[in-house]
Colleague: 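Sharing a structure here in C-alpha cells format.
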Amino acid sequence: MPLSLARRLDAVQPSVTLAMNARAADLRAKGADVFAFGVGEPDFEPPAFVLEAARKALETSVSKYTAVTGIPALKQAICARTAAVRGWTPKPSQVTVTIGAKHALFNLAIALYEPGDEVVIPAPFWVSYPEQVKLCGAEPVIVPSDEASGFKMSPAAFEKALSPRTKAVILCTPSNPTGSAYSESELRALVEVWKAKSDSYLIVDEIYADLVYDGFKHVSVATMVGDAADRLIIIDGVSKTYAMTGWRIGWSIAPDKVAKALDTVQGQSTTNATALAQHAALAAVSGPQEEVERMRSTFESRRAVMVEGLRSIPGVKCRMPEGAFYAFADCRSLYGIIHNGKPLATDEDIAFFFLEAAHVATVPGGAFGAPGYIRFSYATSEDRIRGGIASINRVVAAAKRA
Ligand SMILES: Cc1ncc(COP(=O)(O)O)c(C=O)c1O
C-alpha cells in the first residue's frame, strides 16, 4: 500500500492560477511579451525610507527570535496607525504580527474552525477563504451576490446563510476579486443582522482599505460593532498599502481570548515573523504616509484606463470598482469564440484564449466563485494596460465564432 496523504487535503483545491502561470512563463520563455493583468501585488517599490530602515536594522540585533506575536514597537505602531486611519484604537495585546495576512487568516482557521462548523463567505471571494475552512474540516457556506448589487451580500441573503452552526463570517472590503467596497450604511446593515441573529465571530479583511477611489470612505466595521467587539477580528497588513508583498508581514487584531489562542497556534508553528521584515514594517507603518497617497492616486488613474478599456471590448461588461486594484468583468459574451479548434465555454477557456492569443495573463472568475467573469489587475502601467486591451480587442475582432 502506498503511504497516503492526510485526508484533510482531499477537499482542498490547488490554486487554479498555477496552470495559467506555468503557461504564461512558457510563453515568456519563448520570447512573448505577456501583459501581466493576473498579478495580485502592486508593481511599485516600497517607500525608500522603508528599505533604508531595513538596512539600518541589519546593523542591530535582527538575527534573534522576537516575541511570537511581534516586536512591541511594531504592535504599538499598528495600534497607532489603526487609530489614525481606521478610527478605533486596539490594544497591543490584541495584535498578532504574522507572515503576511494570509498567515493571519490561517492562524485563525486553526484556532477557530472544526468539523461541524460553518463559515459564511460571500461570493465572489478571495480564493484562500473557503480552502482554509475546508483544510480544518469545517464547511464554507457561500453566499452569492451579483453584479447588479455591486457584488455585495444583501442583509437578507446574509440572514438566510446564518445557522446555529455558524462559527465565523468572513467579509473582505474592498474586495479581492471585485474591487467592491461596502459603504458605511451597507456595512451597518450587515452588522445589525450579525449581532441580532448570530453569536459567531466576524472576521473582516481590510487589507485593501487604503486603496479606495473617487472619495470613497472606508469605515472600519470595528467602529460599529459596539458590545460585540469581543467577537470581531480585523485582518490587515503592509503587503498592498506599502507595496511590500515579499516582506510577508500582516496582522490580526482580535479580542484578547482569541489573540491568546493565536499566540499558542503561532508559537507551535512559525514562531515570530522574520525580525528584519518586522523592522521594515515598523518603518512603513510609523513613517510618513505620502507615498501611500501617491500609489493610491496612480491606481485611481489606472483604474479608469482599465475599466474604460474593458468596456471597449464588444460585449464585455465591467462595473467601476470602489477600491483595491482589480476590475472584474463579465466576459460571457465571448463564449462561442473558436480557440484551439473549440468554442470557448468557460471563464477558464476565455482566460487561456486571452493568454495564448493576446498574450494577456488574467485570472478566471470561477476561482473566486464567479464563473463567467475574469479578474483584471491594474497593478501595471497605463501603457501596459492600453497595450493589453488593444491586444485583446485585436484577437476578439479577428476571432471566428461557433
Ligand atoms: C483579500 C486578501 N486578503 C489577504 C491577502 C494576503 O495578503 P498577504 O500577501 O499579506 O499574505 C490577499 C493577497 O492577495 C488578499 O487579496
Side-chain angles (χ1 to χ4, degrees), residues 15-18 20-21 36-44 46 50 70 74 78 81 95-110 119 121-133 140 151-153 168-182 202-212 218 220-221 233-253 262 266 269-270 273-274 277-278 280-281 284-285 299 321-328 361-363 365 367-370 375-380:
S15 164
V16 288
T17 50
L18 288 182
M20 200 81 60
N21 291 346
F37 296 173
V39 294
E41 60 183 348
D43 54 325
F44 307 115
V50 169
L74 176 55
I78 288 167
R81 179 181 179 276
V95 177
T96 305
V97 176
T98 55
I99 304 168
K102 186 184 272 184
H103 180 213
L105 287 156
F106 192 75
N107 279 347
L108 275 172
I110 299 287
V119 179
I121 302 173
F125 45 75
W126 182 50
V127 287
S128 294
Y129 299 149
E131 301 314 312
Q132 292 186 348
V133 170
F151 297 116
K152 295 173 196 174
M153 177 169 68
V169 176
I170 307 179
L171 297 183
C172 181
T173 183
S175 150
N176 178 3
T178 62
S180 291
Y182 290 101
L202 176 60
I203 299 168
V204 184
D205 186 341
E206 295 192 337
I207 193 134
Y208 292 101
D210 297 301
L211 300 175
V212 287
H218 170 87
S220 178
V221 81
I233 299 143
I234 298 288
I235 301 293
D236 209 332
V238 297
S239 296
K240 318 289 176 174
T241 304
Y242 302 101
M244 291 176 68
T245 45
W247 287 88
R248 311 303 304 127
I249 294 290
W251 55 84
S252 54
I253 306 176
L262 298 176
Q266 188 154 305
S269 53
T270 59
T274 304
Q278 290 191 62
V285 167
F299 279 134
E322 289 89 357
F325 39 71
Y326 309 108
F328 203 57
T362 58
V363 184
F368 308 105
R375 191 192 76 177
F376 295 79
S377 161
Y378 49 88
T380 185

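Ligands are counted one by one from 1 in listed order, and the atoms in each one are counted from 1 as well.
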Colleague: Any idea which residues sit under 4.0 Å from ligand 1, heavy-atom distances?
Modeller: Gly100, Ala101, Lys102, Trp126, Tyr129, Cys172, Asn176, Asp205, Ile207, Tyr208, Ser239, Lys240, Arg248
Colleague: Using only atom types and a distance under 3.5 Å, with no angle test, would you say the side chain of Lys240 pairs donor to acceptor with the backbone of Ala209?
Modeller: no
Colleague: Identify, with sequence neighbours excluded, every residue that meets salt bridge (Lys or Arg N to Asp or Glu O under 4.0 Å) alongside Asp43.
Modeller: Arg302
Colleague: Heavy-atom distance under 4.5 Å between the side chains of Val363 and Tyr326, does that happen here?
Modeller: no
Colleague: Can you name the residues that form a side-chain contact (heavy atoms from CB on, under 4.5 Å) with Ala181, not counting sequence neighbours?
Modeller: Thr173, Pro174, Phe216, Glu322
Colleague: Which atom pairs, one a donor and one an acceptor, fall under 3.5 Å between side chains of residues 98-110 and the rest of the protein, sequence neighbours left out?
Modeller:
| residue | atom | partner | partner atom | Å |
| --- | --- | --- | --- | --- |
| Thr98 | OG1 | Gly100 | O | 2.8 |
| Thr98 | OG1 | Gly250 | O | 3.1 |
| His103 | ND1 | Ile99 | N | 2.9 |
| His103 | NE2 | Asn107 | OD1 | 3.3 |
| Asn107 | ND2 | Gln266 | OE1 | 2.8 |

Colleague: Would a 4.5 Å heavy-atom cut-off, applied to side chains only, mark Thr96 and Trp251 as touching?
Modeller: no
